[in-house]
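The structure under discussion appears below in the form of structure tokens.
Computed from heavy atoms alone, side chains included, the values below leave out hydrogens, waters and symmetry copies. Letters A, B, ... are given to chains in the order of the sequence lines, protein chains preceding strands, and every chain is numbered from 1.
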Protein chains: 2
Amino acid sequence: MAVTLADVARRSGTSTAVVSYVMNNGPRPVAPATRERVLAAAAELGYRPNRIARALRAGTTGVVGLVLADASNPYFAALARSVERALERRDTLMMTGNAGYLPGRQQHMVERFLAAQVDGLIVVSADGGADVAAQAVAAGVPSAYVHHRPVPGQAPLVSADNDVAVRAAVEHLRGHGHRRIAFLSGPHDAGPVAERRDAWQRAASSSGPEPLLLRCDYSREAAARLTAELIAGGTMPRALIAATDEQAIGVLAAASAAGLPIPGRLALMSCDGTPDSAYTAPALSVMEQPLDAMAEQAVALLLDRAPASASLPAAHLVARRSCGCDA
Amino acid sequence: MAVTLADVARRSGTSTAVVSYVMNNGPRPVAPATRERVLAAAAELGYRPNRIARALRAGTTGVVGLVLADASNPYFAALARSVERALERRDTLMMTGNAGYLPGRQQHMVERFLAAQVDGLIVVSADGGADVAAQAVAAGVPSAYVHHRPVPGQAPLVSADNDVAVRAAVEHLRGHGHRRIAFLSGPHDAGPVAERRDAWQRAASSSGPEPLLLRCDYSREAAARLTAELIAGGTMPRALIAATDEQAIGVLAAASAAGLPIPGRLALMSCDGTPDSAYTAPALSVMEQPLDAMAEQAVALLLDRAPASASLPAAHLVARRSCGCDA
DNA sequence: TCCTCTCATCTAAACGATTAGAACTGCCAC
DNA sequence: GTGGCAGTTCTAATCGTTTAGATGAGAGGA
């Protein structure tokens with residue numbers, strides 16, 4: 001059915017080698033007249049090189065595996081798009097898999113991607129998993145964690161500096177007159193969320209009363225539930241930094257349902273800066289992660305075997321309505 | 001570096017054929033003792049079959065390509081996850097690509113996936129593109145459109161019946177006492193949005209005054225802009241059905257910014273039913289699309305070469321706050 | 001004329017898995 | 001003892017590309 005190199009060779013009266021040389025501007029030159037004939041034959045037959053055969057011969061597939069905790073989460077979805085763009089510049093395709101926050105499924109996806117001979121593996125991990133990238137290392141496949149590494153392991157981690165940005169967020173809320181600034185963290189935070197929590201802890205307790213640390217799952221639902229309880233119990237803080245946009249959106253939903261005005265009675269900020277955050281009601285003030293830069297660095301790490309440069313821009317503050325700004 | 005069949009054969013003192021038979025419970029039987037030896041050798045060496053080699057030989061890769069208009073759109077993201085689940089049941093991997101609503105890029109992605117020898121192609125298309133699946137048909141690769149087909153073409157379309165559901169939505173708003181029910185459509189609607197618009201047109205004009213048809217891009221931003229204008233001009237309808245959740249969320253954002261209470265001054269519904277819609281403020285009432293069923297049918301069409309059964313459930317109504325319900 | 005050198009092209013061996021066909025072992029019946 | 005048969009296992013071709021080594025044609029120098 002499919003047109004092969006041999007077909008083109010026959011049609012143009014040459015050999016498969018010449019056709020290959022033409023197709024790749026091969027390692028050897030081809031006479032101009034011959035090149036024309038080959039190109040014409042390929043066009044007529046509608047030849048499309050078989051990447052599988054090439055992959056077998058070359059030992060490289062031009063495919064990278066991306067394991068996500070959850071592609072429905074706008075933060076991860078945005079990250080995935082950034083990765084796709086970075087890969088496209090290198091003419092590389094992307095396989096994706098959702099681990100659904102389950103370490104077992106994450107392991108399973110990695111296993112399948114390795115069997116598919118991916119050239120590299122990017123893991124945007126869920127909390128609490130094992131060092132899945134260890135399998136990749138064992139298989140000789142370069143790998144990198146982005147955003148979060150569950151345990152210190154052999155694969156590099158690409159993550160922006162959260163300290164600067166969270167400090168800026170705390171200062172910004174102080175600028176709106178808030179003394180007690182609470183933080184909504186994950187259930188048992190680690191990785192970037194822990195960094196953010198630490199940065200907040202240092203910045204928020206540097207002056208003024210002891211700040212409040214809240215915890216809930218990384219979901220809109222959990223944050224909404226927690227918020228509803230706090231409002232009902234009369235213990236809702238007046239200023240809050242949520243670790244993730246998803247949580248912040250949950251807070252927003254519950255506050256709206258309970259009639260708690262934002263930013264009037266609650267100044268809210270969060271730490272991802274997904275596209276969604278610009279279209280909540282009110283619009284979320286966020287510290288926006290440099291997703292494109294993170295993706296580019298991860299891909300460079302895998303494909304160009306570049307050293308992990310530490311020169312990643314920090315997340316930067318985008319002030320909208322929810323913190324008390326007018327914009 | 002990698003362990004091959006030949007390595008396992010050498011280690012276990014057999015031939016590659018026997019090892020292959022063992023690995024696949026091959027087309028021929030193997031003596032129990034030999035099977036043990038092979039299995040042991042494979043385990044010791046950490047053998048992992050090379051899917052690329054298998055693919056070249058078998059002519060089938062176990063990979064399906066999914067071309068999305070925009071994976072950051074929660075509706076498409078949810079659809080992608082449904083497709084992934086359907087594929088997983090058939091032990092098939094998924095390559096994804098974003099076309100970014102650009103017909104040219106869509107074409108390009110299809111081209112690249114075909115070069116990668118995908119076993120099938122699912123296109124969740126943007127408006128206005130050519131019949132990209134025609135390339136797949138030409139290459140002998142089964143393909144299917146999901147949700148939307150830009151032009152009538154050779155590939156089947158999987159899409160749920162919108163008529164029943166939109167009619168239900170109109171009835172539901174009538175139940176809340178609304179006589180004039182407006183509809184927010186796309187810029188030049190086609191496919192499912194056109195079906196929804198038609199269903200609304202029929203249902204809404206069946207009794208009462210002529211209903212209002214609005215149009216804007218399928219983005220939060222565009223819907224927000226339009227809404228702001230309508231509110232400023234005093235022409236905002238009291239009841240509105242948005243074609244997509246994204247648009248509805250934009251309406252919500254602008255209404256909130258302008259202080260227009262929902263559902264008090266505007267009863268709002270929309271037509272996707274993404275996970276996001278449950279966590280807006282107020283929560284969106286939606287007609288929820290049967291994404292799992294759509295994905296399953298598309299995958300069955302490609303991989304099981306099942307006939308396109310018309311037995312797809314229609315989108316069904318989920319009533320939340322934004323329409324005026326208490327829930 | 002013969003040798004060398006360059007340029008263009010062809011031949012054929014990989015890559016790793018699958019699987020027909022051949023080959024070898026015992027075993028049983030005649 | 002020979003033929004046949006079943007049960008195992010081996011050999012080798014195949015999928016489509018890539019690319020090193022062999023081949024051949026023509027130009028130029030001696």
Exercise for review: Only pairs at least two apart or in different chains count here, so list each side-chain hydrogen bond (donor to acceptor under 3.5 Å, both in side chains) that has a residue in residues 134-143 of chain B.
Suggested key: none
Please table the atom pairs, donor to acceptor, closer than 3.5 Å between any side-chain atom in residues 26-49 of chain A and protein atoms at least two apart or in another chain.
| from | atom 1 | to | atom 2 | distance (Å) |
| --- | --- | --- | --- | --- |
| A:Arg35 | NH2 | A:Asn25 | OD1 | 3.0 |
| A:Arg37 | NE | A:Ser12 | O | 3.1 |
| A:Arg37 | NH2 | A:Ser12 | O | 3.2 |
| A:Glu44 | OE1 | A:Arg11 | NE | 3.1 |
| A:Glu44 | OE1 | A:Arg11 | NH2 | 2.1 |
| A:Arg48 | NH1 | B:Glu111 | OE2 | 2.2 |

Exercise for review: Output all residues satisfying salt bridge (Lys or Arg N to Asp or Glu O under 4.0 Å) with A:Arg105, sequence neighbours left out; order by chain, then residue number.
Suggested key: B:Glu84, B:Glu88
Ignoring hydrogens and angles, write down the donor-acceptor pairs under 3.5 Å from the side chains of residues 70-79 of chain A, residues two or more places apart or on other chains.
| from | atom 1 | to | atom 2 | distance (Å) |
| --- | --- | --- | --- | --- |
| A:Asp70 | OD1 | A:Ser72 | N | 2.8 |
| A:Asp70 | OD1 | B:Arg81 | NH1 | 2.7 |
| A:Asn73 | OD1 | A:Tyr75 | N | 2.9 |
| A:Tyr75 | OH | A:His147 | ND1 | 3.0 |

**Study point:** By side chain to side chain donor-acceptor pair (under 3.5 Å) - contacts of A:Gln117 (at least two apart)
**Key:** none
Exercise for review: Just jot down the side chain to side chain contact (heavy atoms under 4.5 Å, CB included) partners of B:Arg89, sequence neighbours excluded, or say none.
Suggested key: B:Arg85, B:Ala86, B:Glu296
Could you go through nucleotides 13-17 of chain D and list every protein N or O atom that sits under 3.5 Å from one of its N or O atoms, giving the distance for each pair?
| from | atom 1 | to | atom 2 | distance (Å) |
| --- | --- | --- | --- | --- |
| D:dT14 | O2 | B:Arg57 | NH1 | 2.9 |
| D:dC15 | O2 | B:Arg57 | N | 3.4 |
| D:dG16 | N2 | A:Ala53 | O | 3.4 |
| D:dT17 | OP1 | A:Tyr47 | OH | 2.8 |
| D:dT17 | OP1 | A:Asn50 | N | 3.4 |
| D:dT17 | OP2 | A:Leu5 | N | 2.6 |
| D:dT17 | O5' | A:Tyr47 | OH | 3.4 |

Review point. Among all residues two or more places apart in sequence or in another chain, which pass the side chain to side chain contact (heavy atoms under 4.5 Å, CB included) test with A:Ala58?
Key: A:Thr60
**Study point:** salt bridge (Lys or Arg N to Asp or Glu O under 4.0 Å) involving B:Arg10 - partner list, sequence neighbours excluded
**Key:** B:Asp7
Exercise for review: Ignoring hydrogens and angles, answer whether the base of D:dT9 and the side-chain atoms of B:Arg28 contain a donor-acceptor pair closer than 3.5 Å.
Suggested key: yes
Exercise for review: Answer with base, sugar-phosphate or nothing: what part of the nucleic acid does A:Ala31 contact at a heavy-atom distance below 4.0 Å?
Suggested key: sugar-phosphate
Practice item. List the atom of A:Tyr145, the atom of A:Val132, and the distance in Å for their closest heavy-atom pair. Key: OH-N, 3.1 Å
Check your understanding: Which is true for A:Val30 with a 4.0 Å heavy-atom rule: it touches a base, it touches only sugar-phosphate, or it touches nothing?
Key -> sugar-phosphate
Exercise for review: Please report how far the helix from C:dT1-D:dA30 to C:dC30-D:dG1 bends, comparing the axis fitted to its first five pairs with the axis fitted to its last five, to the nearest 10 degrees.
Suggested key: 80°
Exercise for review: Go through the structure and list residues passing side chain to side chain donor-acceptor pair (under 3.5 Å) with A:Thr61, not counting sequence neighbours.
Suggested key: A:Asp119
Review point. Going 5' to 3' on DNA chain C, which nucleotide is the first and which the last to come under 4.0 Å of a heavy atom in chain A?
Key: C:dA8 to C:dG16
